[in-house]
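Below: one structure, written as structure tokens.
Since this is a predicted model, take the numbers as computed values, not measurements.
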Amino acid sequence: PLLRRNRALKDRHRGETCFILGSGPSIKQQDLKRLAGRVVMTQNHFHAHDDIGVIHPSYHVVVPKYQPRQYDDDWVQWLNSMNERLPADTQIVFDKNTKYLVDRLGLFRDRVYYVRQGYNCAMVRRAPVDMTRSLMAVPTVLPECLAIAVYMGFTKVYLLGFDLDQVCRLAENQQVRFYGTSPVTKNQAEQDLDRQAMEEGLIWINLWIIWRQCYLLRDAAAKLGVQILNATAGGLLNVFPRVKYEDVV
């Protein structure tokens, strides 16, 4: 029943264009004020951007809750910061495993939707894009955003700020996000995950999962007549054709 509500989003934007904004440091090189009046989807801690009011995202997608419950206070702080910074009419998509916290805080009310992750990308031939059923289990929010955009019927999707070069930046102790850290990325759980990923080589597995999911979603989108284009300034994501942001807007 929780997922059936997503039927209201099916093909809501048929034939339209959207811009999905990632948190890679390259986003600081791009004038996002140009996006005023366009359909924009942000994610995770993007509400920290100075121009969030001008960008005025129509949608905001949050990664599934991946930290143990002893870090719930960090998530509460994070959710409250979204409530404070995001426009009052921005519609927000969470994974269903975060619902208990959203309900506890009484936030977002009638503008929140939930998705359910489940499928392993190594076990499917087609990317699931039906928000009333399970999507792929994601290591990062980009595939989730793409599945949602395809479900909502956008014909053209532009990506900005998806550098996906964390493997290089973590090795050199550089910031991997334009905002530095958020309440859920500066705690001990996050530090332990990053260290384990580098020590055990899990970062390479996660990178492959991201690429595999993007490849599957590119194929699923193309079959539906949806074009995904990468307007990121640099980065490693070469799954999608690249375009220059300034030429697009």
For the atom pair [atom1] ([X]) and [atom2] ([Y]), what is the distance rounded to the nearest 0.5 Å?
X      : Y      : atom1 : atom2 : answer
Arg218 : Gln213 : CZ    : CD    : 14.5 Å
Asp50  : Phe178 : CG    : CZ    : 8.0 Å
Gln91  : Asp110 : CD    : CG    : 10.0 Å
Ser182 : Trp75  : OG    : CH2   : 8.5 Å
Gln117 : Leu135 : CD    : CG    : 9.0 Å

Asp165 side chain to Cys168 backbone, donor-acceptor under 3.5 Å:
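The answer is no, because no donor-acceptor pair under 3.5 Å joins these two groups.
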
Indicate yes or no for a side-chain donor-acceptor contact from Lys10 to the backbone of Arg12 under 3.5 Å, with no hydrogens or angles considered.
no

Could you go through residues 136-156 and list every donor-acceptor pair under 3.5 Å that involves a side-chain atom there, pairing it with any protein atom two or more places apart or in another chain?
unit_1 : atom_1 : unit_2 : atom_2 : d
Tyr151 : OH     : Asn6   : O      : 3.3
Thr155 : OG1    : Gly15  : N      : 3.2

Between Leu160 and Ile27, does the side chain to side chain contact (heavy atoms under 4.5 Å, CB included) criterion hold? Intermediate values first, please.
CA-CA 7 Å; Leu160 284 81; Ile27 201 81; 3.7 Å; yes

Tell me whether Tyr119 at atom OH has more than 12 heavy atoms from other residues, nucleotides or ligands lying less than 6.0 Å away.
no

If you count every heavy atom of other residues, nucleotides or ligands that lies below 6.0 Å from Arg111 atom CZ, does the total exceed 12?
yes

Tell me whether the rings of Phe108 and Phe94 are parallel (<30°), tilted (30 to 60°) or perpendicular (>60°).
tilted

Can you tell whether the side chains of Lys186 and Asp74 come within less than 4.0 Å, N to carboxylate O?
no

With side chain to side chain donor-acceptor pair (under 3.5 Å) as the test, pick out the partner of His56 among Thr42, Asp51, Thr90, Asp89.
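Result for side chain to side chain donor-acceptor pair (under 3.5 Å) with His56: Asp89.
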
For the rings on His47 and His49, is their centre-to-centre separation under 6.0 Å?
no

